[in-house]
> 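Submitted below is the structure of interest, expressed as structure tokens.
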Amino acid sequence: MNSTLVTNIAELHTVDAEARVLRGAALVMEGERIAWIGDAAAAPAADTVHDAGGRAALPGWVDSHTHLVFAGDRTAEFEARMAGQAYAAGGIATTVAATRQAGDYELTRLLLGRAAEAARGGTTYLETKTGYGLDVEEEARHARIASTVADEVTYLGAHLVPAGADPEEYTDLVCGEMLERVRPYVRWADVFCERGAFTAEQARRVLRACGEAGLGLRVHGNQLGPGAGVQLAVEFGAASVDHVNHLQDADVEALAGTWGSWDATVRTGNPGTVATCLPACDLSTRQPLAPARLLLDAGVEVALASNCNPGTSYTSSMAFCVTTAVLQMGLSVAEAVRAATFGGALALRRHAGLDADGRRAVGSLAVGHRADVQLLNAPSPTHLAYRPGMPLTGAVWRKGVAVAR
Ligand code: NIG
């Protein structure tokens, strides 16, 4: 099995339970796993040696919320928004029309290009969703294509009620035939519970049906105004509720109530509902930034994700999200890095040990975890906020294979 020693690391941030920072460190990747972490002076030999040259090493970013299966772009809508027009869910229909026109080859090519772009930016674990198909054939096609590229696929047939469809009948379809057709390709289900998308009652039906079909649950909630998304996510034991821009005290309390002691919930593999904040989207839609500081202080686990999509966040840069979280959302660098790595892994339930399906943990650097590692072109992650917008991704390994260096 091929092994790589990365040595001469100025700071190695484990981002695991102990959150250790090892100075003068090294790590060894063997096949797809991390085989050794420790003092550079004590490092074992390996087939290949990579001199980090005094750079910092972190886990690769875990991007737990994207919508990458799409064609077309929405530049005109973005320009109108920057001129003062409010974002509305209806823009999704523009992308649905363009995506339905694209053949399998074209959609796969576009998706591969976006995944490669994300990897070059340090993202080593990627979730993506359906949601620009919105009929049975298209949702199944998008789920199938997504499953050939992304690490995790989420079914989002409940993204928007297509023009001309009856909302209740469309919800039936999402809970019935459409769910059956996407089921072989997806691990998760999601629903956009928002004015202009799905009501709380419709969202409840979707979550119930998808949960009964054995899918893990996630919710798009409280993005454009206060709403039922967070409460529904808690009611159904969802792994995450995403966006969370408009929260009432009761929403924060409900989320906090899903988190007991770290040992009791995380280590035993039964964590609470993660609040996933999407700062690039908040800036592009001119929504208030999600209250990540408040959530962390209340004891809620927070993830940062790119929400890369053509409507509200056309970027897969997790470094940009980390920078924004530090400069504008009141997180420390360590908190922001944790949210963009371990937090995403928690939101995808890939944070601990070997799962039942045999996958290795991601989002932290520990022996036995997946060898997803990035080096920054900087001696410490503080530079992500200290030097905003600079090209700080130095080298990236995904499953032990160099994807950028
Ligand atoms: O996460 N909120 C709903 N879905 C996407 C936007 C999709 C679109 O506008 O195309 C989001 O922001």
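Heavy atoms only: backbone and side chains are in, while hydrogens, waters and symmetry mates are out. Atoms within a ligand are numbered from 1 in the order they appear, just like the ligands themselves.
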> Of all the atoms in ligand 1, which lie at a distance below 4.0 Å from a heavy atom belonging to T312?
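With T312 as reference, the close atoms of ligand 1 come out as 6 (C), 9 (O), 11 (C), 12 (O).
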> Among all protein heavy atoms in this structure, tell me which lies nearest to atom 11 (C) of ligand 1, with the distance rounded to 0.1 Å.
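Looking only at protein heavy atoms, the one closest to atom 11 (C) of ligand 1 is N307 ND2, 3.3 Å.
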> Quick check on contacts: which atoms of ligand 1 are under 4.0 angstrom from a heavy atom of H65?
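The atoms of ligand 1 under 4.0 Å from a heavy atom of H65 are 1 (O).
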> Which is it for F236 and V219 under the side chain to side chain contact (heavy atoms under 4.5 Å, CB included) test, yes or no, and what are the steps along the way?
CA-CA 10 Å; F236 280 87; V219 176; over 6 Å; no
> May I ask you to list the atoms of ligand 1 that are less than 4.0 angstrom from any heavy atom of H159?
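Listed by number with element, the hits are 3 (C), 4 (N), 5 (C), 7 (C).
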> Assign the ring pair H220 / H159 to parallel, tilted or perpendicular, where the plane angle (0 to 90°) is split at 30° and 60°.
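Plane angle between 30° and 60°, so tilted.
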> At a 4.0 Å threshold, what atoms of ligand 1 neighbour a non-hydrogen atom of H67?
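Atoms satisfying the 4.0 Å criterion: 1 (O), 4 (N), 5 (C), 11 (C).
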> Are any of the heavy atoms in Y132 under 4.0 Å away from ligand 1?
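Y132 counts as a contact of ligand 1 under the 4.0 Å cut-off.
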> With atoms numbered from 1 as shown, which atoms in ligand 1 lie under 4.0 angstrom from a non-hydrogen atom of Y87?
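By the 4.0 Å cutoff, the relevant atoms are 6 (C), 7 (C), 8 (C), 9 (O).
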> In terms of side-chain geometry, is the basic nitrogen of R187 or E152 positioned less than 4.0 Å from the acidic oxygen of its partner?
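Salt bridge: yes.
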> Taking the six-membered ring of F198, is NZ or CZ of R205 closer than 6.0 Å to its centre and within 45° of its axis?
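No - R205 does not lie over the ring of F198 by the 6.0 Å and 45° rule.
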> Under 4.0 Å between a Lys/Arg side-chain N and an Asp/Glu carboxylate O for R350 and D372?
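No salt bridge links R350 with D372.
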> Within ligand 1, which atoms have a heavy atom of I92 less than 4.0 Å away?
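Those qualifying, in numeric order: 7 (C), 8 (C), 9 (O), 10 (O).
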> Any idea which atoms of ligand 1 are less than 4.0 Å away from a heavy-atom of H243?
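It comes down to these atoms of ligand 1: 1 (O), 2 (N), 11 (C), 12 (O).
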> At what distance is the nearest protein heavy atom to atom 2 (N) of ligand 1, and which residue and atom is it?
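The answer is Q223 OE1, 2.7 Å.
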> Taking salt bridge (Lys or Arg N to Asp or Glu O under 4.0 Å) as the definition, give me every residue that meets it alongside R23, ordered by chain and number, with sequence neighbours left out.
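R23 satisfies salt bridge (Lys or Arg N to Asp or Glu O under 4.0 Å) with E11 once adjacent residues are dropped.
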> Is a salt bridge present between R338 and E335, judged by a nitrogen-to-oxygen distance below 4.0 Å?
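Result for this pair is no, no salt bridge flagged.
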